[in-house]
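For reference, the structure is listed below as structure tokens.
By convention here, the first residue in the shown sequence is residue 1. In what follows, every heavy atom counts, from backbone to side chain, and hydrogens, waters and symmetry copies are set aside.
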Amino acid sequence: MNTGYTIRLFLLALLLGSTAGCSAIHKRRLAESNYEQAVIANNMGHTDEAINSLKLATTQNPKLTPAHELLGDLYRERGDYERACLEYETCTKLDPDASHFYQLGLMNHLLGHLQFAADSYLRALEFKPADADTNMNLGLVYLNLGDHAKAIEHLRAATKKNPDSIETWTNLGVALDDSGDLAGAEQAYRKALERHGDQNALWVNYAGNLIQQRRPDEAIKFLQTAIDQRDSPLAEKRMGDALTVKGWPDAAIGRYELAIKLDPRYINAYNALGDTLIAQYDRGLQLNESLHSRAITAWKTSLLLRPNQSIVVDRLKKWSRDS
């Protein structure tokens, strides 16, 4: 047996292994260096430079979690939720914790991937069951998915963890409104009124609750305050609803038209406008053809924006002379 040859082969293998090990260590050090440069660049406001350095870092060391996390943060701040989602998903695999699953849920939430968002928020709650932000966002996801029971459950959990938040109480009110619990919703809105913060969304949503309870005068006061502070299509549309309940259809029509002016794709405003115009037309013994024509135009515009509306289709069939 050629012992010297065997030893030389063994030494060669050791040297090759050592070289490979040195190469891996070198790459990790390069990755860490690029990550540090990215942090400095980001602190100086040089976002493009930071992103480029982070891309290098994650290529050199795909397991460098902080680099993926910061890259996800920078993509999120730019509104590039698709790329941010990929980075946060990588973080959940490398280091599964509440923060990473929350960020992944938030990106899917913003992208409209509601079931994926719910799954990620639920994973985040496995690590931090009482977290207020996660429970609130999960509640909103379930509300959009039409699961009122789960929405209310998680929004209540958010109010318990963060009882001073005007936002959580307002969102709980919205969920209770949607479930048909108008009295419970009003209690939540009143809790929100006792909190400090931006109350504009609260006033508009509370007004919607009051309209459903046929209390238009109270609703109008809240809506006018909201409109004076910061006008919105929803505030104008609900003002129209309140005026309709109050029995002032002409004023309501003007508000619906203003809501559409603020948002030309506001389907519910077109539908409410058509309904109010046709009610006025019918009340006037169907003599004012302008009211009829404007109602038909409003409904047709609504159907152009969203064709699958059986109620609007039925109204057009009933009132359109060319149907």
Side-chain angles (χ1 to χ4, degrees), residues 98 101-102 104-126 128-195 197-216 218-219 222-223 226 232-235 237-238 241-242 245 266-269 271-272 306 308-312:
F101 278 111
Y102 174 80
L104 179 59
L106 182 60
M107 292 307 99
N108 277 304
H109 197 166
L110 292 169
L111 288 165
H113 305 157
L114 298 181
Q115 192 56 59
F116 287 117
D119 294 341
S120 297
Y121 287 142
L122 285 169
R123 290 298 311 278
L125 289 176
E126 290 176 12
K128 293 177 67 176
D131 185 71
D133 290 339
T134 307
N135 273 296
M136 184 176 73
N137 285 358
L138 181 56
L140 294 175
V141 167
Y142 279 133
L143 186 59
N144 284 323
L145 289 171
D147 192 332
H148 294 106
K150 287 183 179 178
I152 292 166
E153 173 193 346
H154 287 285
L155 288 166
R156 283 198 190 281
T159 62
K160 289 177 182 177
K161 181 64 177 178
N162 190 6
D164 294 327
S165 169
I166 188 173
E167 188 177 12
T168 54
W169 285 108
T170 300
N171 285 327
L172 176 59
V174 171
L176 289 164
D177 260 338
D178 269 22
S179 73
D181 184 359
L182 299 183
E186 183 172 5
Q187 287 180 358
Y189 292 136
R190 287 191 174 278
K191 287 278 189 182
L193 284 171
E194 298 170 2
R195 272 66 186 169
D198 185 353
Q199 295 191 327
N200 196 279
L202 165 61
W203 293 326
V204 175
N205 283 295
Y206 190 11
N209 172 274
L210 293 167
I211 291 165
Q212 291 185 79
Q213 296 190 62
R214 314 293 292 183
R215 292 156 60 186
E218 295 172 74
F222 280 115
L223 288 166
S232 69
L234 179 59
K237 194 267 180 185
R238 287 194 172 163
D241 295 340
V245 173
Y266 196 173
I267 292 166
N268 289 341
N271 292 340
R306 185 188 296 160
N308 189 21
Q309 298 183 78
S310 59
I311 293 175
V312 181

Selection residues 128-138 - residue pairs positive for salt bridge (Lys or Arg N to Asp or Glu O under 4.0 Å), sequence neighbours left out: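 As it turns out, the salt bridge (Lys or Arg N to Asp or Glu O under 4.0 Å) pairs with a partner in residues 128-138, which skip direct neighbours, are Lys128-Asp131.
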
Which heavy-atom pair separates [X] from [Y] by the least distance, and what is that distance?
X: Leu143; Y: Ala151; result: N-CB, 3.7 Å
X: Ala175; Y: Ile152; result: CB-CG1, 4.0 Å
X: Gln199; Y: Leu193; result: NE2-O, 3.3 Å
X: Asn200; Y: Ala226; result: ND2-O, 3.1 Å
X: Leu155; Y: Gly139; result: CG-CA, 4.0 Å
X: Ala118; Y: Val141; result: CB-CG1, 3.9 Å

Non-neighbouring partners of Asn268 that pass side-chain hydrogen bond (donor to acceptor under 3.5 Å, both in side chains), sequence neighbours left out: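 Scan of Asn268 (side-chain hydrogen bond (donor to acceptor under 3.5 Å, both in side chains), adjacent residues dropped) gives none.
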
Evaluation steps, side-chain contact (heavy atoms from CB on, under 4.5 Å), between Leu125 and Leu138: CA-CA 10 Å; Leu125 289 176; Leu138 181 56; 3.7 Å; yes

Over 12 foreign heavy atoms within 6.0 Å of CD, Glu167: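 At most 12 heavy atoms, drawn from other residues, nucleotides or ligands, come within 6.0 Å of this atom.
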
Pair Phe222-Val204, side-chain contact (heavy atoms from CB on, under 4.5 Å): steps then yes or no: CA-CA 7 Å; Phe222 280 115; Val204 175; over 6 Å; no

Residues Glu186, Lys191: salt bridge by 4.0 Å N-O rule: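 Judged by the 4.0 Å cut-off on N to carboxylate O distance, Glu186 and Lys191 do not form a salt bridge.
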
Pair Asp241 + Lys237: basic N to acidic O under 4.0 Å: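 Between Lys237 and Asp241 there is a salt bridge, with a charged N closer than 4.0 Å to a carboxylate O.
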
Less than 4.5 Å apart, any side-chain heavy atom of [X] and any of [Y]?
X: His109; Y: Leu140; value: yes
X: Arg156; Y: Leu176; value: yes
X: Leu210; Y: Pro216; value: no
X: Arg238; Y: Asn205; value: yes

With rounding to the nearest 0.5 Å, note down the distance linking [atom1] in [X] to [atom2] in [Y].
X: His113; Y: Leu104; atom1: NE2; atom2: CG; result: 11.5 Å
X: Ile166; Y: Thr170; atom1: CD1; atom2: OG1; result: 5.0 Å
X: Arg123; Y: Asp119; atom1: CZ; atom2: CG; result: 9.5 Å
X: Thr168; Y: Leu172; atom1: OG1; atom2: CG; result: 8.0 Å
X: Leu182; Y: Arg214; atom1: CG; atom2: CZ; result: 12.0 Å
X: Asp147; Y: Ser179; atom1: CG; atom2: OG; result: 11.5 Å

Audit row: Glu194, Arg190, salt bridge (charged side-chain N to carboxylate O under 4.0 Å, His left out) steps and yes/no: CA-CA 7 Å; Glu194 298 170 2; Arg190 287 191 174 278; over 6 Å; no

Compute whether any side-chain donor of one residue and acceptor of the other, for [X] and [Y], lie under 3.5 angstrom apart.
X: Asp177; Y: Tyr189; answer: yes
X: Glu153; Y: Asn135; answer: no
X: Asn137; Y: Tyr102; answer: yes
X: Tyr142; Y: His148; answer: no

CA sep, side-chain torsions, deciding dist, call: Tyr121, His154, side chain to side chain donor-acceptor pair (under 3.5 Å): CA-CA 11 Å; Tyr121 287 142; His154 287 285; over 6 Å; no

Whether Asn162 side chain and Ala132 backbone form a donor-acceptor pair below 3.5 Å: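 Not confirmed, Asn162 side chain does not pair with Ala132 backbone.
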
Any donor-acceptor N/O pair, Trp169 side chain to Thr159 backbone, under 3.5 Å: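 Checking the backbone N and O of Thr159 against the side chain of Trp169, no donor-acceptor pair under 3.5 Å is found.
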
Candidate pair Asn271 and Gln309, rule side chain to side chain donor-acceptor pair (under 3.5 Å), full reasoning: CA-CA 10 Å; Asn271 292 340; Gln309 298 183 78; 3.0 Å; yes

